[in-house]
Amino acid sequence: MGRFGVTEILVILAVVLLLFGGKKIPELMKGLGSGLKEFKNAAKDETATDKKEDSEKETK
């Protein structure tokens, strides 16, 4: 399986539209966006924690 082309993306979007309907899609996108935001924040916090632990080990 290679990359997705324009046709494949349009077919996927059409299927999503048929499954969830037009009114539900903005709600799904909002949930997806907030989930990605939380994931990025958690990854950023984890990186900051790792750097802090590494600096504490170096000072010992």
Side-chain angles (χ1 to χ4, degrees):
M1 292 207 29
R3 298 184 205 179
F4 288 115
V6 175
T7 307
E8 289 86 2
I9 292 174
L10 289 176
V11 169
I12 291 170
L13 290 175
V15 169
V16 168
L17 184 61
L18 288 172
L19 287 175
F20 296 108
K23 294 181 181 180
K24 197 76 167 167
I25 290 183
E27 187 177 317
L28 290 171
M29 293 299 114
K30 183 179 177 183
L32 179 64
S34 54
L36 285 173
K37 185 177 179 181
E38 288 179 26
F39 178 77
K40 285 181 181 180
N41 287 340
K44 194 182 300 182
D45 289 344
E46 185 68 28
T47 303
T49 303
D50 289 345
K51 286 182 182 178
K52 185 178 178 182
E53 289 174 357
D54 289 343
S55 65
E56 288 176 356
K57 287 179 183 178
E58 289 175 1
T59 57
K60 287 183 180 180

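Nothing fancy with the numbering, it's 1 onward along the sequence.
- Side-chain contact check for Leu19 versus Val15: some heavy-atom pair is nearer than 4.5 Å.
- Between Leu32 atom CG and Ile25 atom CD1 the span is 12.0 Å, to the nearest 0.5 Å.
- The nearest pair of heavy atoms linking Gly22 to Pro26 is O-CD, 3.3 Å.
- To the nearest 0.5 Å, atoms CZ (Phe20) and CE (Met29) are separated by 8.5 Å.
- Lys30 and Glu27 are not joined by a salt bridge, as no carboxylate oxygen comes within less than 4.0 angstrom of a charged side-chain nitrogen.
- With hydrogens and angles ignored, the 3.5 Å screen pairs no side-chain donor or acceptor of Glu38 with any backbone N or O of Gly35.
- The CZ atom of Phe4 lies 7.5 Å from the CD1 atom of Ile9; values are rounded to the nearest 0.5 Å.
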Next on the checklist: side chain to side chain contact (heavy atoms under 4.5 Å, CB included), that's the test. Do Leu10 and Val6 meet it? Break it down for me.
Outcome noted: CA-CA 6 Å; Leu10 289 176; Val6 175; 4.0 Å; yes

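- Grouping the Ile, Leu, Val, Met, Phe, Trp and Tyr side chains by contacts below 4.5 angstrom, directly or via other members, places Val11 apart from Leu18.
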